[in-house]
Asks: 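First, the structure itself, so that you have it in front of you.
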Amino acid sequence: MRKVLYMALTAMLCACSAPEVQHVYGRYVPERKDDFAWENEFAAYRMYGPELAKFENPSNGIDIFMKNTPAFVIDTFFYYYVNEERPYHVQHGYGFDGYKVAHTPGMGGVAAVVDSAVYVGGHYDQWQILEQNNDMIRFQLHYDSLNIAGDILQEDIIITCESGKVLNRAQVVVYGESDKAIRLGTGLWLHDSIGTLCGQKGLLLYTENAMSDPGAVRLNKKWYDCDYLGETHEAVYMPSAGEYTLYDNNIAVLSQPYTLGDTITYYFGGCWSGWTDGEKAFPKHDDWKAYIQNEIQKL
């Protein structure tokens with residue numbers, strides 16, 4: 001009897017002291033030109049800060065890092081990039097950055113439309129982590145100077161990333177003064193003219209070559225003589241939007257009429273065809289489409 005009690009007590013102590021597993025991670029990345037990066041099991045993302053503006057013309061668009069592991073990759077990518085000049089655009093075995101954002105919404109950044117022209121912002125000016133635990137991060141980025149058809153406005157975006165969810169939630173407020181008729185929303189930059197595009201009310205799905213960045217093609221060829229790494233699956237969902245519209249430079253936008261000061265909510269996310277986690281995998285566009293259509297029913 002004494003042995004049974006001892007074993008039960010030991011089991012209880014082990015259970016109580018077992019470390020919690022962290023599934024979501026994010027941080028400000030000063031060593032990589034003020035990026036703000038975050039990730040969960042499915043993918044990693046980043047948005048651009050003021051230091052990058054000294055070297056190029058960044059947008060408020062969203063970049064994605066492909067992963068083929070649920071383990072965290074952000075710190076690994078940036079450590080080797082900064083300390084050993086090892087490019088994270090190359091698939092070294094755990095993922096890579098093959099996505100090109102340029103001055104576009106990238107994969108789910110904020111996009112404004114005035115008179116059939118699309119406007120995106122520049123780098124963020126302030127960042128703040130609002131809440132973070134093992135299964136969720138919620139952070140805010142503030143933009144001082146959002147130029148929409150010549151009017152300089154301000155933008156706040158709060159992004160929530162949760163464990164087990166492909167889609168991030170974005171809550172956006174734009175404020176200031178403008179007499180323009182503004183539509184506000186989100187979009188995707190369609191790099192590959194032969195990618196697979198699926199649009200319906202409030203939902204835009206896209207699958208394209210995972211190396212949409214020509215620099216990634218060049219570097220993967222140089223490092224490993226590799227010129228194909230599968231496909232990137234992308235999604236944006238905005239319940240209040242109508243059908244998507246395709247604008248110049250292959251930017252597809254979901255939007256709604258907007259009043260300054262109001263909050264709009266949308267969802268965005270992506271995953272690599274090379275990613276697997278147990279029974280979940282998205283080798284083809286139809287697999288991605290079925291999964292996302294099921295997920296948005298839960299929102």
Side-chain angles (χ1 to χ4, degrees), residues 24 26 35-48 59-67 97 99-102 104-113 118 120-121 124 136-141 143 155-174 184-191 195 197-208 210 212 231-245 250-256 263-272 275 282 285 288-289 291-299:
V24 178
D35 288 349
F36 192 96
W38 71 100
E39 62 183 304
N40 65 4
E41 306 96 319
F42 292 95
Y45 304 86
R46 67 172 167 176
M47 297 174 78
Y48 302 112
S59 75
N60 60 351
I62 296 171
D63 191 19
I64 183 171
F65 291 169
M66 268 62 79
K67 299 171 56 169
D97 174 17
Y99 188 85
K100 183 72 173 177
V101 176
T104 78
M107 187 182 297
V110 174
V113 178
V118 177
V120 298
Y124 73 80
M136 183 270 286
I137 183 170
R138 185 166 62 94
F139 63 92
Q140 176 175 296
L141 301 180
Y143 296 80
E155 173 198 334
D156 286 326
I157 182 169
I158 295 176
I159 293 176
T160 304
C161 176
E162 297 181 72
S163 173
K165 296 184 179 181
V166 172
L167 296 177
N168 301 260
R169 182 175 73 244
Q171 297 164 288
V172 180
V173 180
V174 173
L184 195 68
T186 183
L188 298 173
W189 186 24
L190 314 180
H191 309 87
L197 178 65
C198 174
Q200 59 192 66
K201 187 178 185 302
L203 177 64
L204 184 60
L205 300 163
Y206 191 57
T207 297
E208 63 179 353
S212 64
E231 297 174 314
T232 300
H233 302 303
E234 308 161 25
V236 288
Y237 174 57
M238 186 173 170
S240 58
E243 303 288 341
Y244 80 91
T245 302
N250 268 1
I251 297 175
V253 175
L254 296 168
S255 66
Q256 66 175 58
T263 300
I264 65 167
T265 299
Y266 66 85
Y267 302 83
F268 67 91
C271 203
W272 183 27
W275 180 90
F282 314 113
H285 177 79
W288 176 247
K289 179 180 177 180
Y291 185 84
I292 294 298
Q293 287 180 327
N294 181 64
E295 287 297 294
I296 64 175
Q297 301 303 314
K298 305 174 186 177
L299 297 174

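Since this is a predicted model, take the numbers as computed values, not measurements.
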Asks: Hey, is the main chain of G121 close enough, under 3.5 Å, to the side chain of S59 for a donor-acceptor pair?
Replies: no
Asks: Look only at the side chain of N40 and the backbone of E162, and say whether a donor-acceptor pair between them is shorter than 3.5 Å.
Replies: yes
Asks: What I'd like to find out is whether the side chain of Y124 reaches to under 4.5 Å of the side chain of E155, using heavy atoms alone.
Replies: no
Asks: Sub-3.5 Å donor-acceptor pair from the side chain of W275 to the main-chain atoms of E41, do we have one?
Replies: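 Confirmed, W275 side chain pairs with E41 backbone.
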Asks: Would you call I159 and W38 a side-chain contact if the rule is heavy atoms closer than 4.5 Å?
Replies: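 The answer is yes; the side chains approach within 4.5 Å.
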Asks: Locate the shortest heavy-atom distance separating Y48 from D35; write the atom from each residue and the value.
Replies: CD2-OD1, 3.6 Å
Asks: Would you check if the side chain of Y266 reaches a backbone N or O of V172 as a donor-acceptor pair within less than 3.5 Å?
Replies: no
Asks: For W288 versus A235, what's the shortest heavy-atom pair and its separation?
Replies: CZ2-CB, 3.8 Å
Asks: Write down the atom of Y45, the atom of V166, and the distance for their closest heavy-atom approach.
Replies: OH-O, 3.8 Å
Asks: With a 3.5 Å distance limit and no angle check, can you tell me whether D156 reaches the backbone of V173 through a side-chain donor-acceptor pair?
Replies: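 Side chain of D156 to backbone of V173: no pair is present.
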Asks: At what distance, to the nearest 0.5 angstrom, does CD of Q140 lie from CD1 of I158?
Replies: 4.5 Å
Asks: Main chain of G269, side chain of N168: is a donor-acceptor contact present, judged purely on distance under 3.5 Å?
Replies: no
Asks: Could you walk me through whether M136 and V24 pass side-chain contact (heavy atoms from CB on, under 4.5 Å), step by step?
Replies: CA-CA 6 Å; M136 183 270 286; V24 178; 5.5 Å; no
Asks: Determine the minimum heavy-atom distance between M47 and Y143, stating which atoms define it.
Replies: CE-OH, 3.3 Å
Asks: Do I264 and S240 have side chains that get closer than 4.5 Å, going by heavy atoms?
Replies: no
Asks: Determine all donor-acceptor pairs shorter than 3.5 Å in which one atom belongs to a side chain in residues 291-299; sequence neighbours excluded.
Replies:
from : atom 1 : to   : atom 2 : distance (Å)
Q293 : NE2    : Q200 : OE1    : 3.1
E295 : OE2    : K298 : NZ     : 2.9

Asks: side-chain contact (heavy atoms from CB on, under 4.5 Å) between D97 and M66: does it pass, once the steps are laid out?
Replies: CA-CA 6 Å; D97 174 17; M66 268 62 79; 5.8 Å; no
Asks: Do F65 and E39 make a side-chain contact, defined as non-hydrogen atoms from C-beta onward lying under 4.5 Å apart?
Replies: no
Asks: Would you mind reporting whether T207 and K289 have side-chain heavy atoms less than 4.5 Å apart?
Replies: no
Asks: Stepwise, does the side-chain contact (heavy atoms from CB on, under 4.5 Å) test hold for E234 with I64?
Replies: CA-CA 10 Å; E234 308 161 25; I64 183 171; over 6 Å; no
Asks: Would you give the length of the straight line joining atom OH of Y99 to atom CZ of R46, rounded to the nearest 0.5 angstrom?
Replies: 12.5 Å
Asks: Please round to the nearest 0.5 Å and tell me the distance separating atom CZ of F42 and atom NZ of K165.
Replies: 11.0 Å
Asks: Checking S212 side chain against K100 main chain: does a donor-acceptor pair fall under 3.5 Å?
Replies: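 Yes, because the side chain of S212 sits within donor-acceptor range (under 3.5 Å) of the backbone of K100.
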Asks: Which word best sums up how the rings of F282 and H233 line up, parallel for under 30°, tilted for 30 to 60°, or perpendicular for over 60°?
Replies: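 Perpendicular.
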Asks: Starting at CD1 of I137, measure out to OG of S163 and round the result to the nearest 0.5 Å.
Replies: 13.0 Å
Asks: Taking all atoms of both residues into account, what is the closest heavy-atom pair of G270 and A43, and its distance?
Replies: O-CB, 3.5 Å
Asks: Step by step, work out the side-chain contact (heavy atoms from CB on, under 4.5 Å) result for E231 and E208.
Replies: CA-CA 5 Å; E231 297 174 314; E208 63 179 353; over 6 Å; no
Asks: Determine, using ring centers only, whether F139 and F36 are less than 6.0 Å apart.
Replies: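 That pair passes the under 6.0 Å test.
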Asks: With a 4.5 Å cut-off on side-chain heavy atoms, are Q171 and I157 touching?
Replies: no
Asks: Supply the atom-to-atom distance T104 OG1 to L188 CG, rounded to the nearest 0.5 angstrom.
Replies: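 The CG atom of L188 is 9.0 Å from OG1 of T104, to the nearest 0.5 Å.
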Asks: Drop me the distance from C161's SG to F268's CZ, to the nearest 0.5 angstrom.
Replies: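 It is 8.0 Å, given to the nearest 0.5 Å.
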Asks: For residues L197 and L204, determine if any side-chain heavy atom of one lies less than 4.5 Å from a side-chain heavy atom of the other.
Replies: yes
Asks: Got L184 and V110 here, is their nearest side-chain heavy-atom distance under 4.5 Å?
Replies: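 Yes; the side chains approach each other to less than 4.5 Å.
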Asks: Might you point out which heavy atoms bring I62 and G108 nearest each other, and give the distance in Å?
Replies: CD1-O, 3.4 Å
